[in-house]
Student: 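Please read through the structure below; I'll follow up with questions.
Each ligand, and each atom within it, is numbered from 1 in the order the structure gives.
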Amino acid sequence: MGRSILTLAAVLWYSVASAVIPMPRSVEKHKGAFVVTPSTTLVYGDESLRPLAVYFLDYVALRSVNTVSPDKNYIRFGIDDALEEEGYRLTIAPEGIEISGGGYGGVFNGIQTLFQLFPSDIYTKQCHLPVTVSCGEISDAPQFSYRGFMLDVARTWSDADRVKRYIDLISYHKINKLHLHLTDDEGWRIEIKSHPELTRIGAWRGGSSPIRSVYGKWGERYGGYFTQRSMHEIIEYAAVRNIEIIPEIDLPGHSRTIANIHPEILCDYTPDPVPTDGYEYRSAWCAVKEDNYALLEDIIGEICELFPSEYVHVGGDEVDMSQWKRCPHCSDYAAANCDNDFSRLQEVFMSRVNDIVIRHGKRPAVWNEAINGGTLDCESRVYGWESVKECRKSASAGYGTIVMPGQFFYMDMRQSKNEDGHTWAAIFDVEQCYSFDFAKQGFTASELRNVEGVEATFFSELYISHNPETCDYLDYMLFPRLCAVSEIAWGKNGSDWENFRNRLQTKHYDRMAGMGVRFRISPPSVNYADGRLTASADGNASVSTSKENSGEWQRYTHPLKTDKPAEHLFRSEYRTAVSPEAAVPSHYDCIKPAFKITSSMPESPSRGFSYAEGYKGVSRTARTCRMGDTIVFEFESPLKCREVEFLTGYEHMPRHIFHSGYLETSVDGSNFERVAEMYGGRVKLIDPKPFRFARLVCTTEGNGTPYVIIPSPRIKPVL
Ligand code: ACM
Ligand code: ZN
């Protein structure tokens with residue numbers, strides 16, 4: 001009897017231990033079990049591990065802590081110099097649990113594995129003891145020393161509590177770098193004491209701020225920033241969790257915020273202020289002005305002082321070089337010194353900035369475009385984001401390289417066709433993310449030697465158009481894709497997609513629920529046959545259903561009899577998780593009736609109104625919007641539909657929009673009735689009365705960009 005219980009315990013342990021994410025290198029099961037009770041002693045054999053004892057007790061309430069071990073009933077942390085720095089050995093024996101790490105990070109990683117052997121309520125910090133853990137040994141170490149996540153706090157502000165929450169979440173996955181994108185065209189988020197104006201002005205946009213609202217919040221004043229003191233606390237919080245914070249000041253492009261505060265950093269030419277309603281839209285530092293390097297010395301000097309990280313990221317992506325081409329100083333310099341190659345001029349700029357970083361005792365990190373001129377020092381670490389090809393180019397040129405091509409690692413990409421998110425790199429879900437494989441992507445052994453690791457990224461321009469007061473959207477975009485990235489970074493250790501999916505669904509979904517993560521699960525499959533609409537979800541998920549535009553969801557329990565299947569939506573739900581909505585394909589059908597656009601704003605010579613009129617793509621105006629501007633859609637015949645949406649801005653990106661406005665409709669083109677208010681640059685009518693004319697009226701001055709985007713309206717047919 002006793003023996004069969006032990007065997008059962010061993011089998012259960014094996015199934016739990018082999019469900020760890022990221023997959024450990026080796027898992028051995030032994031006989032017996034250890035019971036963790038409140039009287040178990042927590043032992044740390046090395047003073048450097050004291051913070052981990054404090055950390056552990058926050059999750060598991062043990063009454064006694066010591067630096068020497070009793071003979072039995074202990075959980076002991078120790079250092080074993082024979083192990084790799086971040087490697088660990090987790091041994092569970094009948095007398096106690098031992099976690100030996102090569103260093104602090106190794107012990108931390110071992111603790112995370114032990115957490116995954118506990119019930120998932122460990123993550124709620126209210127784990128009920130006793131907990132029985134069956135005996136065995138896990139020996140483990142990461143493939144890559146750099147396992148990163150980048151959060152853009154510039155576009156959508158994330159305060160210290162939110163950043164700490166994501167530090168917890170990524171640390172549970174053994175991710176050890178948090179790259180904070182602190183500055184961009186839309187915000188400056190870190191206090192610089194010698195230049196308080198950078199946050200006093202640049203941490204806020206919209207409303208009365210000179211930094212215009214470009215994304216979201218529809219013109220309201222919006223923002224926030226980290227004081228150096230609060231950043232210091234975040235750095236310490238992260239360090240306990242084996243996470244290094246790598247700051248990024250994005251230069252010389254993506255600098256519109258600082259340029260609005262210090263216009264003297266810009267190139268010397270007078271731009272045409274008409275398209276932007278007088279707003280200074282230039283975004284790049286002049287590469288030649290000597291005073292610019294003095295200002296950068298102040299900023300970078302403070303950043304180097306504040307952050308203990310070995311590296312400081314200084315940007316280098318997506319520089320609009322047309323500004324340098326128009327500048328007499330930059331163009332003369334490029335002609336005299338760079339054979340008119342402006343990528344080389346960028347390298348002149350980056351080299352000067354790198355010198356500042358190095359003089360302050362740090363190493364520079366840059367985005368991959370910064371090495372396009374072919375002369376940047378190999379001391380720089382390169383973050384390859386544009387493509388796998390750019391990552392391989394950087395690694396083969398000898399740069400320490402972080403691999404993060406958008407089609408696998410950009411968590412702001414959409415996860416399936418009808419969801420929200422960017423599409424410029426790819427539409428990909430967790431399965432495609434998990435499919436990333438260095439060999440299949442053509443990395444040679446010598447390239448791989450220069451790969452320091454991988455990084456998942458979240459640029460946050462779309463986040464703000466959801467409810468930025470909650471974490472729901474970011475959670476949904478990150479999880480479970482970030483779990484896949486963590487396993488790619490750790491080394492897949494022979495696992496394949498089916499194996500990973502099984503670990504996710506059987507164990508990790510519950511762990512993420514325990515963590516309070518609003519993660520994404522796959523949508524139900526929906527079928528329509530013989531007048532009956534059915535839906536079924538994967539695994540333990542339930543299904544809910546809703547009639548379109550009702551906003552009300554109920555549990556789906558039986559097939560729906562209907563002759564209008566396109567009206568019904570379904571989604572899967574599991575604890576804290578939700579799937580995207582699913583429907584029969586005809587739900588997504590749109591009609592394309594003929595219409596013409598006229599506007600108080602002139603059309604762009606290169607993207608005129610005919611694009612939207614022909615349903616060929618978006619049109620653009622030739623200037624930004626002003627109060628009272630109009631866009632009129634004139635349909636050839638009265639429009640009858642079950643739903644119509646008029647948009648400004650890109651369909652999935654609220655930018656180049658009317659920040660506020662309203663919609664009027666008319667049957668004759670002279671008598672208009674105000675029928676709805678715009679929100680987020682768009683307005684939708686449900687079951688409208690037929691009309692021939694629709695007029696969008698703008699009620700804000702400017703939109704922070706040089707034009708308005710006009711897509712074709714989205715019109716759903718009467719069923
Ligand atoms: C980037 O996505 N521009 C680094
Ligand atoms: Zn210049």
Student: Is the CG atom of Asp291 crowded by more than 12 outside heavy atoms at less than 6.0 Å?
Tutor: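 No, CG of Asp291 has 12 or fewer neighbouring heavy atoms, counting only those of other groups under 6.0 Å.
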Student: Under 4.0 Å from a heavy atom of Trp367: which atoms of ligand 1 are those, numbered in the order shown and with their elements?
Tutor: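 Result: 4 (C).
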Student: Backbone or side chain, does any N or O of His254 fall under 3.5 Å from an N or O of ligand 1?
Tutor: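 Between His254 and ligand 1, no N or O pair is found under 3.5 Å apart.
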Student: Side chains of Tyr166 and Asp475: any donor to acceptor distance under 3.5 Å?
Tutor: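 Side-chain D/A pair, Asp475 to Tyr166: present.
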Student: Is the count of non-hydrogen atoms from other residues, nucleotides or ligands lying under 6.0 Å from Glu264 atom CD greater than 12?
Tutor: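 Counting neighbours around CD of Glu264, more than 12 heavy atoms of other residues, nucleotides or ligands fall under 6.0 Å, so yes.
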Student: Below 4.0 Å, non-hydrogen atoms only: which portion of Tyr383 touches ligand 1? Side chain, backbone, both or neither.
Tutor: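 No part of Tyr383 is near ligand 1 at this cut-off.
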Student: Within a reach of under 6.0 Å around NE2 of His652, are more than 12 heavy atoms found that belong to other residues, nucleotides or ligands?
Tutor: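 Yes, NE2 of His652 has more than 12 neighbouring heavy atoms, counting only those of other groups under 6.0 Å.
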Student: Short check: any N/O/S atom of Cys327 below 2.8 Å from the Zn ion (ligand 2)?
Tutor: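 It does: Cys327 brings an N, O or S atom closer than 2.8 Å to the Zn ion (ligand 2).
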Student: Looking only at protein heavy atoms, which one is nearest to atom 3 (N) of ligand 1, and what is the separation?
Tutor: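 Ranked first by proximity to atom 3 (N) of ligand 1 is Asp317 OD2, 2.7 Å.
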Student: For the ring pair Tyr383 and His179, is the centre-to-centre distance below 6.0 Å?
Tutor: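 Yes; His179 has its ring centre under 6.0 Å from that of Tyr383.
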Student: Calculate the angle formed at the Zn ion (ligand 2) by SG in Cys330 and SG in Cys267; 10° precision is enough.
Tutor: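 Output for this angle: 110°, rounded to tens.
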Student: Would you check if there is a donor-acceptor pair between the side chains of Asp412 and Tyr463 at a distance under 3.5 Å?
Tutor: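 Looking only at side-chain atoms, Asp412 and Tyr463 do not form any donor-acceptor pair under 3.5 Å.
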Student: State the atoms of ligand 1, each with its element, that fall below the 4.0 Å cut-off from a heavy-atom position in Tyr410.
Tutor: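 Taking each heavy atom of Tyr410 in turn, ligand 1 has 1 (C), 2 (O), 4 (C) under 4.0 Å.
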